[in-house]
Number of protein chains: 2
Amino acid sequence: MTPACVIDRAKLRVNAERLKTLCSQRGIQLRPHVKTLKSVQAAQLYAPPGSAITVSTLAEARYFAAAGYRDILYAVGVTPNKLPAINNLLGAGVALTVIVDSEAGAEHLIAFAQQFSSPLRVAIEIDVDDHRAGIRAQDPELIAVARKIDLQPGLQFYGVMAHAGASYGCFDISSRSAMAVQEARQTAEAARLLGEQGIPCELVSVGSTPTALVDIERPGITELRAGVYATFDCVMAGLGVCNYNDIAMSVLTSVIGHQVDKGWVLIDAGWMALSRDQGTGSHALDCGYGLVCDAKGRLLEGWYVAQTNQEHGIIAHRDGISPPSELFKYGTTLRILPVHACATGAQFEQYHVTDDNDCVSTVWPRVNGW
Amino acid sequence: MTPACVIDRAKLRVNAERLKTLCSQRGIQLRPHVKTLKSVQAAQLYAPPGSAITVSTLAEARYFAAAGYRDILYAVGVTPNKLPAINNLLGAGVALTVIVDSEAGAEHLIAFAQQFSSPLRVAIEIDVDDHRAGIRAQDPELIAVARKIDLQPGLQFYGVMAHAGASYGCFDISSRSAMAVQEARQTAEAARLLGEQGIPCELVSVGSTPTALVDIERPGITELRAGVYATFDCVMAGLGVCNYNDIAMSVLTSVIGHQVDKGWVLIDAGWMALSRDQGTGSHALDCGYGLVCDAKGRLLEGWYVAQTNQEHGIIAHRDGISPPSELFKYGTTLRILPVHACATGAQFEQYHVTDDNDCVSTVWPRVNGW
């Protein structure tokens with residue numbers, strides 16, 4: 001039944017291998033971010049049990065912990081109201097790492113520290129690109145925060161991490177390379193400054209999909225993190241990080257009607273299925289709410305989802321061409337390549353997994369919520 | 001724990017009563033659209049069991065049918081792959097109405113009709129505003145489609161319905177009134193033309209929240225439909241359909257950090273909690289990803305969620321004011337009014353319901369998926 005979220009297992013495997021190979025050639029640990037698919041079954045292909053992983057919610061941490069994962073980095077600034085739930089994870093034997101980027105954040109952890117059933121690993125987020133959260137490597141607050149954590153029983157100062165989100169604005173390999181160098185250098189510099197103060201960093205972690213896929217040496221960096229590299233999406237293709245044909249996720253949909261005079265094909269995938277993400281709006285190719293493929297996943301050149309309502313999508317052609325009736329007759333099944341796989345995946349409770357023959361071979365559940 | 005979706009029960013009740021009163025004074029049936037909250041518990045306040053309801057997915061139809069609802073309009077053009085699931089609902093005793101807007105759609109229903117365990121009600125969608133789907137009242141296809149359905153055993157031609165989605169572009173009462181008149185007149189005209197051909201319409205249904213709340217006579221119309229009127233949101237407030245203080249939904253969030261030099265407050269509600277909907281982007285007041293309130297739900301004038309990542313929101317002030325530290329210190333709880341309640345609600349699996357004292361009194365589950 002449509003709409004449904006389809007994962008192409010072969011493409012997922014190839015994408016996963018690409019970054020894995022790159023990391024193993026450079027001798028650096030990969031800590032995949034599981035926030036895109038949030039599925040233990042999917043993670044078999046890029047973060048099998050035993051892997052260190054990154055999560056974006058405690059719901060992911062609990063779900064992956066229950067499947068045997070132990071080394072988990074929760075990569076969103078922690079809040080006081082989450083500390084009891086974090087303590088439950090420590091009690092279940094998870095080596096959980098949380099992040100802070102302020103003295104106020106550290107003080108809340110310290111106030112709770114004696115209640116932790118085992119020492120909580122704490123890393124400091126470094127701001128390497130002016131993009132979002134974090135402390136600059138040169139900011140004296142870095143040393144002050146680290147020292148507070150380091151001195152507190154119940155907390156284990158674990159290191160530093162950074163995410164160069166600004167890499168989503170890098171449209172060529174030279175700007176991505178420069179961003180990857182900047183991300184690694186500034187994070188390693190933070191670790192070096194802390195080391196000088198007698199506060200060594202076991203974890204020196206960087207990553208975003210566009211920077212992680214840049215093949216450079218990263219002196220002083222202990223691990224790379226990335227998430228959407230396993231599925232890719234139109235945002236990543238628009239940046240040149242992958243080809244559209246590499247995208248391992250699509251939304252299966254049916255044609256439900258037409259408005260011939262407007263050149264519209266209506267489908268049963270609206271924003272509820274595709275998400276409201278329009279992350280290619282600033283790209284050379286604006287994919288709207290997704291690019292249109294036939295039922296086999298072959299791109300139909302120029303066709304994209306131009307508008308969405310809750311359960312309706314409107315397909316149009318970039319050049320205003322009238323939809324050929326043989327491509328889009330009522331009831332025809334199509335696939336839509338997601339603009340942003342993390343957002344599209346989040347609209348579903350499960351994935352339909354296809355193998356080379358395009359038949360659904362299995363269903364993978366995912367975890368949602370917090 | 002944050003983020004969480006909060007429903008103010010008192011506001012929900014007042015909003016629900018507003019349209020209910022208007023309909024009862026005009027002597028017209030209200031068929032609430034349950035797609036905003038998708039919760040049987042929430043529906044007690046605006047569509048208690050026994051009510052005729054509108055749904056946007058078959059998952060909603062199954063969920064409400066299991067709670068005893070019988071008269072259900074599925075208001076998205078039906079696809080061939082959903083007919084077996086529709087037949088299951090008929091078999092369970094649901095008086096389900098589906099909609100079509102083309103001869104091709106009607107032909108697929110006809111091809112399946114003999115398999116239905118009881119006659120399936122079919123309505124035709126009328127295009128009243130050039131907005132999305134539907135057949136124009138004057139289009140000869142209207143009669144052709146209706147006649148095909150009317151002649152087919154296993155199908156019951158049930159009438160016409162329209163949704164004036166263009167009302168979301170009406171920023172004052174006079175344009176909304178004009179749109180409400182247009183929606184009602186053209187739909188009634190379609191019913192009249194069908195009646196002339198000996199194909200009477202039992203259902204002549206119109207609605208969208210902005211038009212349904214216009215208090216006019218609607219000759220020939222048998223029922224009104226609306227959904228987001230029960231919670232409202234920033235889009236509706238921006239149109240002038242409600243006040244910001246009427247909005248019954250908010251997302252509880254915590255401050256996780258600051259970037260003082262940029263005037264940013266970081267919170268743990270990103271697009272995963274708020275949705276990517278930016279439906280007020282074309283309004284006089286662009287609310288970004290939501291307006292910021294204190295923990296009691298009182299608006300903090302000028303503060304809005306300017307940017308979102310998956311689990312991070314960035315609060316800024318419309319005039320670039322620096323965030324006062326007493327309002328936004330680390331760990332502070334805030335509430336965000338949703339831009340689009342249907343999209344924000346969809347990001348959650350349950351609601352935390354508060355009563356007048358602002359304490360959570362209960363949790364309401366919701367249904368997701370298709």
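What's counted below: heavy atoms across the whole structure, side chains too, no hydrogens, waters or symmetry copies. Residue numbers begin at 1 in each chain, while the letters A, B, ... track the order of the sequences.
- Neither the backbone nor the side chain of A:A4 comes within less than 4.5 Å of any heavy atom in chain B.
- Side-chain polar atoms of A:W271 and A:Q347 form no donor-acceptor pair below 3.5 angstrom.
- Summarising the geometry, atom CG belonging to B:L142 is positioned 4.5 Å from atom CD1 belonging to B:I126; distances are rounded to the nearest 0.5 Å.
- For the options A:R132, A:M272, A:H258, A:Q278, heavy-atom pairs under 4.5 Å to chain B are most numerous at A:R132.
- Contacts of A:L58 with chain B are made by side-chain atoms alone, with heavy-atom separations under 4.5 Å and no backbone atom involved.
- For chain B, the nearby parts of A:W370 are the backbone and the side chain; heavy atoms of each come within less than 4.5 Å.
- Between the side chains of A:R335 and A:T253, no donor-acceptor pair of N or O atoms lies under 3.5 Å.
- Contacts of B:S275 with chain A are absent, with no heavy-atom separation under 4.5 Å from either backbone or side chain.
- Contact annotation for A:E107: neither backbone nor side-chain heavy atoms come within less than 4.5 Å of a heavy atom of chain B.
- A:R225 contributes a side-chain N or O that, together with a main-chain N or O of A:A162, makes up a donor-acceptor pair within less than 3.5 Å.
- When heavy atoms are compared at a cutoff of 4.5 Å, A:Q310 approaches chain B solely by way of its side chain, counted from C-beta outward.
- In terms of heavy-atom pairs under 4.5 angstrom with chain A, the leader among B:H312, B:Q350, B:Q307, B:H108 is B:H312.
- For the set A:S56, A:G257, A:S102, A:G331, the count of heavy-atom pairs under 4.5 angstrom toward chain B peaks at A:S56.
- With a 4.5 angstrom heavy-atom cutoff, A:V100 does not touch chain B via any of its atoms.
- Side-chain polar atoms of B:T79 and B:K82 form a donor-acceptor pair below 3.5 angstrom.
- Of the two parts of A:P3, the backbone and the side chain both hold a non-hydrogen atom closer than 4.5 Å to a non-hydrogen atom of chain B.
- Between A:S208 and A:S167, the side chains place a donor N or O and an acceptor N or O closer than 3.5 Å (distance only, hydrogens not considered).
- Among B:G134, B:G369, B:G279, the residue with the largest count of heavy-atom pairs under 4.5 Å with chain A is B:G134.
- The choice from A:N309, A:T333, A:D101 that makes the most heavy-atom pairs within less than 4.5 Å of chain B is A:N309.
- Interface residue B:D268: only side-chain heavy atoms are found under 4.5 Å from chain A.
- Only the side chain of B:Q259 comes within less than 4.5 Å of a heavy atom in chain A; its backbone stays farther off.
- Heavy atoms closer than 4.5 Å to chain A are found nowhere in B:H163, neither backbone nor side chain.
- For the set B:I314, B:L266, B:D261, B:D277, the entry with the most heavy-atom pairs within less than 4.5 Å of chain A is B:D277.
- For the set B:A75, B:G105, B:P84, the count of heavy-atom pairs under 4.5 angstrom toward chain A peaks at B:G105.
- Within the 3.5 Å criterion, the main-chain N or O of A:L274 finds a donor-acceptor partner in the side chain of A:T344.
- Contact of A:T57 with chain B is made through the side chain alone, with heavy-atom distances under 4.5 Å.
- Of all the heavy atoms in B:Y229 and B:T209, the pair that sits closest is N-OG1, 3.1 Å.
- The line from OG of B:S254 to CG of B:L334 is 8.0 Å long, rounded to the nearest 0.5 Å.
- Side-chain polar atoms of B:Y63 and B:R366 form no donor-acceptor pair below 3.5 angstrom.
- Put simply, NZ on B:K262 and CG on A:D130 are 4.0 Å apart, with the number rounded to the nearest 0.5 Å.
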